[in-house]
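Starting from 1, each residue takes its place in the sequence as its number.
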Amino acid sequence: MSAREEFIEIFKASIHRDGADALLDFLENRSDFFSAPASAKFHGAYAGGLCEHSLNVYHCLADYLARPRVQELYGLEYDSETVAVVSLLHDACKIGCYKPGTRNVKGPDGKWQAVPTFYFEDPLPYGHGEKSVYIVNGFIRLSREEAMAIRWHMGFSGTEDARTVGQAFQQFPLAFALATADMEATYFLEGEPQA
């Protein structure tokens with residue numbers, strides 16, 4: 001099964017609120033979600049990387065939330081729809097932002113050669129997490145905790161004041177769980193950044 005097919009299967013099986021069909025139609029037919037990279041130079045820096053990264057985050061978040069310690073000691077339990085919404089859609093902000101191009105690198109023979117790459121050009125500079133919330137909320141209604149999880153999924157690697165990130169994590173534990181899943185997917189599943 002391709003990443004696109006798996007994403008659509010999980011989406012259709014889990015996300016049933018009003019507007020879900022329109023959101024999936026947007027992702028499939030009116031955006032580059034399934035062909036976009038997840039980044040220009042780092043994790044998922046290839047066509048289709050955004051979809052693959054979103055699936056990796058979904059699986060990491062589901063695994064994290066299934067841990068007995070997380071459920072029993074921390075008391076974190078979320079339904080399958082919430083898990084799918086926040087993980088599959090946390091990086092909706094990257095839709096339409098990566099343009100293909102080339103850059104020059106020195107080959108093993110010492111000669112410069114053009115290699116494919118992506119350049120980031122944001123047509124709607126609204127921030128990272130908040131832009132994803134804005135896009136998704138245009139189709140489906142997010143709960144406050146879902147919106148906060150998506151908004152703060154960059155955790156302490158974002159540019160926000162660390163105290164504000166800590167407050168968000170304390171008030172909205174799903175934000176911490178999603179940030180943890182995002183980092184696990186990025187740094188462990190998706191390997192070393194590409195040069």
*asked:* Let's go through L89 and I135 carefully: what are the C-alpha distance in whole Å and the side-chain angles of both, what is the deciding distance for side chain to side chain contact (heavy atoms under 4.5 Å, CB included) to 0.1 Å, and is it a yes or a no?
replied: CA-CA 9 Å; L89 304 169; I135 291 169; over 6 Å; no

_Step-by-step side chain to side chain contact (heavy atoms under 4.5 Å, CB included) determination, H90 to H53_ = CA-CA 10 Å; H90 76 284; H53 171 68; 3.2 Å; yes

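Closest heavy-atom contact between A185 and C60: N-SG, 4.0 Å. Closest approach of A40 and A45 over heavy atoms only: O-CB, 3.7 Å. Listed here is the closest heavy atom pair of K131 and C93: NZ-O, 3.1 Å. In plain terms, the two heavy atoms of L178 and S87 that are nearest each other are CD1-CA, 3.9 Å. Of all heavy-atom pairs spanning Y58 and L88, the tightest one is CB-CD2, 3.8 Å. When all heavy atoms of A114 and T102 are compared, the closest pair comes out as CB-CB, 4.2 Å.
Proximity of E190 to S39: side-chain heavy atoms (C-beta onward) are nowhere separated by under 4.5 Å. The side-chain heavy atoms of R144 and Q171, taken from C-beta on, include no pair separated by under 4.5 Å. Proximity of S54 to F33: side-chain heavy atoms (C-beta onward) are separated by under 4.5 Å at one or more points. In this structure, L65 and Q71 have side chains that are not in contact, with every pair of non-hydrogen atoms separated by 4.5 Å or more. In this structure, V133 and E146 have side chains that are not in contact, with every pair of non-hydrogen atoms separated by 4.5 Å or more. Counting heavy atoms from C-beta on, the side chains of Y119 and R103 come closer than 4.5 Å. Under the 4.5 Å side-chain criterion, counting only non-hydrogen atoms from C-beta, Y46 is not in contact with P37. Residues L61 and Y78 have side chains not in contact (no heavy-atom distance under 4.5 Å, counting atoms from C-beta outward).
Annotation: F34, atom CZ; neighbour count of heavy atoms from other residues, nucleotides and ligands within 6.0 Å is above 12. Within 6.0 Å of CZ in F156 there are more than 12 heavy atoms belonging to other residues, nucleotides or ligands. At most 12 non-hydrogen atoms from other residues, nucleotides or ligands lie less than 6.0 angstrom from CG of D21.
In this structure, OG1 on T186 lies 11.5 Å from CZ on F42, to the nearest 0.5 angstrom. D122 CG to H128 NE2: the interatomic distance, rounded to the nearest 0.5 Å, is 10.5 Å. The structure places CD1 of I140 at 5.5 Å from CD1 of I15, a figure rounded to the nearest 0.5 Å. Summarising the geometry, atom CZ belonging to R163 is positioned 14.0 Å from atom CD belonging to Q170; distances are rounded to the nearest 0.5 Å. Atoms CZ and CD1, from F26 and I95 in turn, are 4.5 Å apart once rounded to the nearest 0.5 Å. The distance from atom CZ of R67 to atom CG of L76, rounded to the nearest 0.5 Å, is 10.5 Å.
Panel note: side chain E121, backbone K99; no donor-acceptor pair is recorded below 3.5 Å. Side-chain atoms of H59 never come within 3.5 Å of backbone atoms of N56 as a donor-acceptor pair (strictly under, hydrogens ignored). At least one donor-acceptor pair closer than 3.5 Å links the side chain of S132 to the backbone N or O of A92. In this structure, T82 contributes its side chain and D79 its backbone to no donor-acceptor pair below 3.5 Å. At least one donor-acceptor pair closer than 3.5 Å links the side chain of D32 to the backbone N or O of G96.
Cluster annotation: W152 is connected to V70 through the hydrophobic network of ILVMFWY side chains, with a link wherever side-chain heavy atoms come within less than 4.5 Å. Clustering ILVMFWY residues whenever any of their side-chain heavy atoms sit less than 4.5 angstrom apart, transitively, puts V136 in the very cluster that holds F172. L50 and I8 fall within the same hydrophobic cluster, where Ile, Leu, Val, Met, Phe, Trp and Tyr residues are linked whenever their side-chain heavy atoms come under 4.5 Å apart, directly or through other members. Under the 4.5 Å side-chain heavy-atom criterion for ILVMFWY residues, no single connected hydrophobic cluster contains both M183 and L174. Cluster membership check: L73 shares its hydrophobic cluster with Y64, using side-chain heavy-atom separations under 4.5 Å among Ile, Leu, Val, Met, Phe, Trp and Tyr.
Side chain to side chain, H16 and E81 fail the donor-acceptor criterion of an N or O pair below 3.5 Å.
Below 30°, between 30° and 60°, or above 60°: for Y98 and F118 the angle between ring planes is above 60°, a perpendicular geometry.
Residues satisfying the ring pair (Phe, Tyr, Trp, His ring centres under 6.0 Å) criterion with F176, sequence neighbours excluded, are F169.
Only one option out of T180, D182, V86 pairs with V57 in a side chain to side chain contact (heavy atoms under 4.5 Å, CB included); it is D182.
The residues R141 and D18 are annotated as not salt-bridged, no charged nitrogen and carboxylate oxygen being separated by less than 4.0 angstrom.
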